[in-house]
> 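Here it is, the structure in full.
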Amino acid sequence: MTTACTNVLPFLLQGQSSTDHGIDWYSQPSFHAHRHVIAQSFNNTVQPYTSVPTEGNNDVWALVLYAVLSVLGTTVNIFEISSLIIQENLRHHGNVFLANQAMSNLLVTTLGFPASCIAILSNTHRNPFVCYWQWYIALLSFSISTINYFFISFENLLRAYRRRRNRERTESGVYSCCCGVKIVVFAVFFAWFAGGFWVLVLIFYDNNHDICNRHYGYNFTFLLFLIPVTLSGLTFALTTHRYKRQLKELESRQCLESREESMHRQLFKSNAVAFLLFLCFWMPYTVLVTTSTNDGKENKPRTDFISGTTNTVETLLTIAQAYSCFCGLIYAFTNGTFAQAFTYLTRYFCCKSHPEFTRSTFQEKPRGTVRVHIGMETRVGERSTRANKLMSVVMHDGSRSNHYL
């Protein structure tokens, strides 16, 4: 067997001779298993088959994905903040946390995704700075959202336990003391300060998790943010129990809840659904990076930080960032007040026409009325004048009257 291989190898390297044109090299049994190798050696017209996608296609798909997510997320979050302004029913202190949540989502949709699009268009997406920029922006949005959802759940709990006699008086009760203007503003600034401080700690102190270099490991600071997430889940569960008990009490007394209570209960449902969506998007990634161990197999730095090959952790991070684009849609589909505001804003920005034409149309109606009124007065005046002439003719001699008639 070894002798046969050594005899065939120089012949293959030498190539096909002029006397071997009639031999069918592809039908030889000894070369049947390596048919694609011989085809590439002797026939230059046959191209080898490749199944690896081109790099340009990956860049195009990544550019389209980030552009769509950026436009959709920015529009939805701006609509959510605008809804809190134009709707009078949503103008209360507790909904400031909803505006804060939309602003934290805008970090990803206005700073993270657009930076990736610019990097692809400028052919700088292999720069590690682009990866770190998107990575730390996502962490900042995640940290602010976890703290902010705890404040939202706590505010909903206090509103659910607020007594009816204290709902009319705005300066009494536990809710007014804990959810005043100064306290709400302090809580908003605290969420941003705590989120930014946590990101700085990850950068300079406990950088055991580096997704850009594919270095995954146990990180205690990630587990710290599971505390507000757990407290938020327990608070939402307690608030749900309170609202169910309140509805049973009203049903037993054969009473109906007020319009304000119904609106607050519907808003609580929207907040709870948004929090569950937050868990579905972010918790798989958080649990995976906190429980994974670095075995050395994935410790290779990425050469393409946006459109290159990705693993499970990087795919989960992209899915987690997409939460910033769909959070506002939860309120639009689950709350009637937000749906009305979203519809109004969509018609105003997309279907706006010339207001001057409508204004001139409404101004033509009083003119037409005045003209008709003047015409009726003229005809009545003519009829009265003719009647007076007839009466004067009747009062005179008959011959003259007959001649006139």
> Given side chains that start at C-beta, do those of His241 and Gln246 come closer than 4.5 Å, heavy atoms only?
no
> What pairs of donor and acceptor atoms, side-chain ones from residues 79-86 against any protein atom, are under 3.5 angstrom apart with sequence neighbours left out?
{"residue": "Ser82", "atom": "OG", "partner": "Ile78", "partner atom": "O", "Å": "2.8"}
{"residue": "Ser83", "atom": "OG", "partner": "Phe79", "partner atom": "O", "Å": "2.7"}

> Over all heavy atoms of both residues, which pair between Thr109 and Cys325 is shortest? Give the atoms and the distance, please.
CG2-SG, 4.0 Å
> Within a radius of less than 6.0 Å around CZ of Arg245, do more than 12 heavy atoms belonging to other residues, nucleotides or ligands occur?
no
> Could you verify whether a donor N or O on one side chain and an acceptor N or O on the other, from Asn105 and Tyr323, lie under 3.5 Å apart?
no
> Answer yes or no for Arg242 and Tyr161: cation-pi contact, defined as NZ/CZ to six-membered ring centre under 6.0 Å and angle to ring axis within 45°.
yes
> Tell me whether Gln266 at atom CD has more than 12 heavy atoms from other residues, nucleotides or ligands lying less than 6.0 Å away.
yes
> Under the ring-ring contact (aromatic ring centres under 6.0 Å, His included) test, which residues partner His93, sequence neighbours left out?
none
> Would you name the heavy atoms of Ala187 and Phe151 that are closest together and state the gap between them?
O-CE1, 3.4 Å
> Measure the acute angle between the ring planes of Tyr285 and Trp282, then classify it against the limits of 30° and 60° as parallel, tilted or perpendicular.
perpendicular
> Does Cys117 reach the side chain of Ser70, with side-chain heavy atoms less than 4.5 Å apart?
no
> Does some side-chain heavy atom of Asp59 sit less than 4.5 Å from a side-chain heavy atom of Leu63?
no
> Do Glu155 and Asn95 come close enough that some side-chain heavy atom pair is under 4.5 Å?
no
> Is there a side-chain contact between Phe326 and Leu329, using heavy atoms and a 4.5 Å cut-off?
yes
> Do the side chains of Gln87 and Phe338 get nearer than 4.5 Å, heavy atoms only?
no
> Evaluate the criterion side-chain contact (heavy atoms from CB on, under 4.5 Å) for residue pair Phe275 and Ser232; output intermediate values, then yes/no.
CA-CA 9 Å; Phe275 177 71; Ser232 300; 3.7 Å; yes
> Kindly indicate whether a cation-pi arrangement holds for Arg265 with Tyr243, taking the cut-offs as under 6.0 Å to the six-membered ring centre and within 45° of the axis.
no
> For the backbone of Ser104 and the side chain of Ser141, can you confirm whether one donor and one acceptor N or O come within less than 3.5 Å of each other?
yes
> Quick test of your reading of the model: are Glu260 and Arg162 salt-bridged, counting only N-O distances below 4.0 Å?
yes
> Kindly write out the residues that satisfy side chain to side chain contact (heavy atoms under 4.5 Å, CB included) with Val188, not counting sequence neighbours, or none if the list is empty.
Val96, Phe97, Asn100, Trp192
> With no hydrogens and no angle check, do the side chains of His92 and Arg159 hold a donor and an acceptor under 3.5 Å apart?
yes
> Ser122: which residues meet the side-chain hydrogen bond (donor to acceptor under 3.5 Å, both in side chains) condition with it, sequence neighbours left out?
Thr124
> Return the CG to NZ distance between Leu247 and Lys244, rounded to the nearest 0.5 Å.
10.0 Å
> Let me confirm one number: the OG-CD1 distance from Ser270 to Ile330, rounded to the nearest 0.5 Å.
8.5 Å
> Hey, could you give me the CG/OH distance between Leu200 and Tyr136, rounded to the nearest 0.5 Å?
10.0 Å
> Output all residues satisfying side-chain hydrogen bond (donor to acceptor under 3.5 Å, both in side chains) with Thr75, sequence neighbours left out; order by chain, then residue number.
none
> What distance separates Asn156 CG from Cys179 SG, expressed to the nearest 0.5 Å?
9.0 Å
> On a heavy-atom basis, which atom in Ser153 and which in Thr239 lie closest, and how many Å separate them?
O-OG1, 4.1 Å
> To the nearest 0.5 Å, what is the distance between CZ (Phe142) and OG (Ser324)?
11.5 Å
> Heavy-atom distance under 4.5 Å between the side chains of Ile152 and Leu98, does that happen here?
yes
> Which of parallel (below 30°), tilted (30 to 60°) and perpendicular (above 60°) describes Phe150 and Phe154?
parallel
> So which heavy atom on Cys280 is nearest to which on Pro284, and how close?
O-CD, 3.4 Å
> Does Thr337 have any side-chain hydrogen bond (donor to acceptor under 3.5 Å, both in side chains) partners at least two apart in sequence or in another chain, and if so, which?
none
> Under the side-chain contact (heavy atoms from CB on, under 4.5 Å) rule, what do Ile203 and Tyr132 come out as? Steps first, then yes or no, please.
CA-CA 10 Å; Ile203 295 175; Tyr132 283 111; over 6 Å; no
> Around atom CD of Glu249, are there more than 12 heavy atoms of other residues, nucleotides or ligands at under 6.0 Å?
yes
> Measure across Ala62 and Ile120 and return the closest heavy-atom pair with its distance rounded to 0.1 Å.
CB-CD1, 3.8 Å
> Please examine the side chains of Leu107 and Ile144, heavy atoms only from C-beta on, and report whether any two atoms are closer than 4.5 Å.
yes
> Would a distance-only check, ignoring hydrogens and angles, find a side-chain to backbone donor-acceptor pair under 3.5 Å from Asn271 to Leu267?
yes
> Working note: Trp135 + Leu317, criterion side-chain contact (heavy atoms from CB on, under 4.5 Å); need CA distance, chi angles, decisive distance, verdict.
CA-CA 9 Å; Trp135 163 238; Leu317 177 61; 3.8 Å; yes
> On a heavy-atom basis, which atom in Leu140 and which in Gly196 lie closest, and how many Å separate them?
CD1-N, 3.6 Å
> Distance check, rounded to the nearest 0.5 Å: Leu316 atom CG versus Met283 atom CE?
12.0 Å
> If you count the non-hydrogen atoms of other residues, nucleotides and ligands that lie under 6.0 Å from CZ in Phe342, is the total more than 12?
yes
